[in-house]
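Shown next, in structure tokens, is the structure this report addresses.
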Amino acid sequence: MEAHRGMVPRLVCCVVVILASATRANCKPPHIVFIVADDLGWNDVGWNNPKMATPNLNRLAKQGVILGSAYVQPICSPSRASFMTGYFPIRLGLQQKSIRPHSSKRIPRNITIIPEVLKSRGYATHMVGKWHLGFCNWKYTPTRRGFDSFFGNLFGSNDYYQHIANGEFFPEFKATSWLTSGPLSLIKSSLRMTSKVVIKGTDFRFNETVYREAIGHYATELFSERAVTVIERHDKAKPLFLYLAFKSPHGPLQVPKRYERRCKKIKSKSRRIYCGMVAALDEAVGNVTKALFRTGLTDNLLLVFTSDNGGAVYVGGNNLPLRGAKTSLWEGGTRVPAFVFSPTLLGKRGYKHSGLFHGVDWLPTFAHVAGASTDQIRSIDGINQWQMLTKGRLSQRSEFVYNLDNQEKNGAIRFGDWKLIAGRAGVFNKWYPVMGEHVHNTDFDKDNTTDDSTYMLFNIKADPSERFDQFSLEPTVAAAMVEKLDRWRGLMVPAQSADSHPRADPSLYDGVWTPGWC
Ligand SMILES: *[C@@H]1O[C@H](CO)[C@@H](O)[C@H](O)[C@H]1NC(C)=O
Ligand SMILES: *[C@@H]1O[C@H](CO)[C@@H](O)[C@H](O)[C@H]1NC(C)=O
Ligand SMILES: *[C@@H]1O[C@H](CO)[C@@H](O)[C@H](O)[C@H]1NC(C)=O
Ligand SMILES: *[C@@H]1O[C@H](CO)[C@@H](O)[C@H](O)[C@H]1NC(C)=O
């Protein structure tokens, strides 16, 4: 019985590949390059906004399939967790806030992640970029979770040149830490009791070793250079999985002048630097693509590009015509630019597919095309969308949960065209204009007016900008949606603790954020 089960996906793989390309006699699993941008908003890419300088991304998107309804979580760690595991974060305990560098939140060990699935099919697996899925113990880090190599940040919101990440420790931490240190620090600690303490640490590694050579070099260039090396050195006898998780264009606003110059028509300084960061990201993807063609990996390649959440309007990102921003449950926080590209595997391409796709769908789709056994991923939320991506078939997804969070007392779900929001959708509730000459970071008011007890109902197809709440106009739909939301609530597990761990303090490890304290 077990052997039989294991065989099925492999057969499926052969059939799919033969149908997709009549000239391909083999059924080798394809190389998979999974590129994630950070905080890239709906209106931050050339195919939605011609003012953005993204010629490489535009070309790939237009020759591939643009996913017009690609959904993710509203913030970083939860989104990345959903990509890697195929589970909604409510089922992993990762539904609240992103992981801070001194918290023990992580992907649980008993959840299988993409590189582990692909490794079972003989893939070489490499990760470049930002992890942000927990590192309190080595066993939660990329090289112990199925990646052959890792080059980048274990945390996530570092600066682009020094690769320093800030931890915000809170008084409880200092209050316990003085117990183990001298009397002077006792005085210092009690002074600190009144406010949060920011502690800085370096965060850049090559595999498990600190990589100080990175210091002074721009992260986007380092990442694309390493990705090109991985591609060039890859032994083509094996399939390749490359997870390339850029930090761009997440804050802080930093970019070499040569990229900013590509956006010189933009008057707002913040938006211009932001646009330059997107241009650097675009060039990085261009370099990676060139390497894929040069080495011939494009003969059997699936390239995926997606953002992890909506644009941070207060930094320079933009989501128009969508409402809201990163962190909110509005479409502007959760519906993002995404596409797939492949010179050989897409039976239908050069168009936009508007079917529902969620970040949890990547893992089962990759598992399918790799011919991997599904034994370990039976209970996931993701759906294999290979037919949608490659043949333009209807999406297999009709429903998903945007998020549910007991701390924020909010949540949202989607069923078909309908979206139900319970409680506050977030703190950015408006339709934010692109930063202009006279619009400054501080002008982005955190509108926090909706309240806990309300529901809102939108028809996203008819009203993608979420302007017309139909909750009281459509009582039958509303009641059915509330019932569905409650069903999702029943699947939610308690959130993992976000407490600060004193032993995470990088000053205990030569100024470096280091695993091994939980
Ligand atoms: C992982 O472990 C948790 C806690 O023990 C358990 O509730 C969950 O069902 C497990 N998940 C899987 C996929 O094994
Ligand atoms: C990291 O690991 C990979 C794969 O084992 C290896 O090729 C590479 O040389 C390692 N890098 C360093 C700096 O050790
Ligand atoms: C792309 O490659 C060129 C040529 O090697 C290099 O000069 C440039 O810095 C690379 N760009 C990025 C963003 O890595
Ligand atoms: C929004 O307002 C409510 C009620 O005043 C408050 O409890 C909540 O913390 C606010 N949320 C944010 C993120 O400011």
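Along the sequence shown, residues are numbered consecutively beginning with 1.
- Closest approach of Asn48 to Asn43, counting heavy atoms only: O-OD1, 3.6 Å.
- Between the Trp513 side chain and the Ala165 main chain, a donor and an acceptor come within less than 3.5 Å of each other.
- For residues 351-366, the side chain to side chain donor-acceptor pair (under 3.5 Å) pairs, not counting sequence neighbours, are Gln73-His358, Asp361-Gln385, Asp361-Arg397.
- In this structure, Pro78 and Val72 have side chains that are not in contact, with every pair of non-hydrogen atoms separated by 4.5 Å or more.
- With Ile32 as reference, Val369 is the one residue of Leu242, Val369, Leu301 to meet the side chain to side chain contact (heavy atoms under 4.5 Å, CB included) rule.
- Not one N or O on the side chain of Lys51 forms a donor-acceptor pair closer than 3.5 Å with the backbone of Lys265.
- Taking CG of Asn158 as the start and CZ of Phe204 as the end, the distance is 9.0 Å to the nearest 0.5 Å.
- Without hydrogens or angle criteria, Asn410 side chain to Gly426 main chain gives no donor-acceptor distance under 3.5 Å.
- Residues Arg80 and Asp38 are paired through a salt bridge, judged by an N-O separation under 4.0 Å between the basic side chain and the carboxylate.
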Which is it for Trp131 and Tyr140 under the ring-ring contact (aromatic ring centres under 6.0 Å, His included) test, yes or no, and what are the steps along the way?
CA-CA 10 Å; Trp131 177 240; Tyr140 304 123; 10.0 Å; no
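- The two residues Gly46 and Asn58 make their nearest non-hydrogen contact at CA-OD1, 3.4 Å.
- Atom CD of Glu168 sits about 9.0 Å away from atom OG of Ser500, to the nearest 0.5 Å.
- Within the structure, ring-ring contact (aromatic ring centres under 6.0 Å, His included) pairs that include any residue of residues 461-483 comprise Tyr455-Phe471 (at least two apart or interchain).
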Test ring-ring contact (aromatic ring centres under 6.0 Å, His included) on Phe34 and Phe366; report intermediate values, then the result.
CA-CA 10 Å; Phe34 185 35; Phe366 295 164; 5.5 Å; yes
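- Ser379 and Tyr87 share a donor-acceptor pair across their side chains, judged by distance under 3.5 Å alone.
- The two residues Ala227 and Leu244 make their nearest non-hydrogen contact at CB-CD2, 3.9 Å.
- Of the charged side-chain nitrogens involved, none lies within less than 4.0 Å of a carboxylate oxygen, so that Arg323 and Glu331 do not count as a salt-bridged pair.
- Remark: Glu260 does not engage Lys269 in a salt bridge, criterion side-chain N to carboxylate O under 4.0 Å.
- Checked by atom type and distance alone, the side chain of Asp417 never pairs as donor or acceptor with a backbone atom of Asn459 at under 3.5 Å.
- Not a single donor-acceptor pair under 3.5 Å links the side chain of Ser82 to the backbone N or O of Gly359.
- With sequence neighbours left out, Ser77 forms a side-chain contact (heavy atoms from CB on, under 4.5 Å) with Ser98, Ile99, His132.
- For Asp203 (side chain) and Phe155 (main-chain N/O), a donor-acceptor pair under 3.5 Å exists by modelled atom type.
- A donor-acceptor contact shorter than 3.5 Å is absent between the side chain of Trp488 and the backbone of Leu491.
- Between Lys326 and Asp39, the shortest heavy-atom contact is NZ-OD2, 3.0 Å.
- One side chain, Asp405 or Gln96, offers a donor N or O that lies under 3.5 Å from an acceptor on the other.
- Side chain of Gln496 to backbone of Ile107: no donor-acceptor contact under 3.5 angstrom is found.
- Residues Trp431 and Pro321 approach most closely at CD1-O, 3.9 Å, considering heavy atoms.
- No donor-acceptor pair under 3.5 Å is formed between the side chain of His102 and the backbone N or O of Pro502.
- Looking at Ser395, its side chain does come within 3.5 Å of a backbone N or O of Leu356 through a donor-acceptor pair.
- Rounded to the nearest 0.5 angstrom, Tyr259 OH and Ile273 CD1 are separated by 15.0 Å.
- Within the structure, ring-ring contact (aromatic ring centres under 6.0 Å, His included) contacts touching residues 46-79 (residues at least two apart or in different chains) are Trp47-Phe339, Tyr71-Phe400, Tyr71-Tyr402.
- Using cut-offs of 30° and 60° for the angle between ring planes, the Trp517 and Phe135 rings count as perpendicular.
- Relative to the six-membered ring of Tyr160, Lys247 meets both conditions, a distance below 6.0 Å and an angle of at most 45° to the axis.
- Listed by first and then second residue, the salt bridge (charged side-chain N to carboxylate O under 4.0 Å, His left out) pairs that reach into residues 463-482 are Lys419-Glu466, sequence neighbours excluded.
- Defined by atom type and a distance below 3.5 Å, a donor-acceptor pair is present between the side-chain atoms of Asp44 and Tyr274.
- Residues passing the side chain to side chain donor-acceptor pair (under 3.5 Å) test with Ser79, sequence neighbours excluded: none.
- Considering every non-hydrogen atom in both Ala367 and Ile377, the closest pair reads CB-CD1, 3.9 Å.
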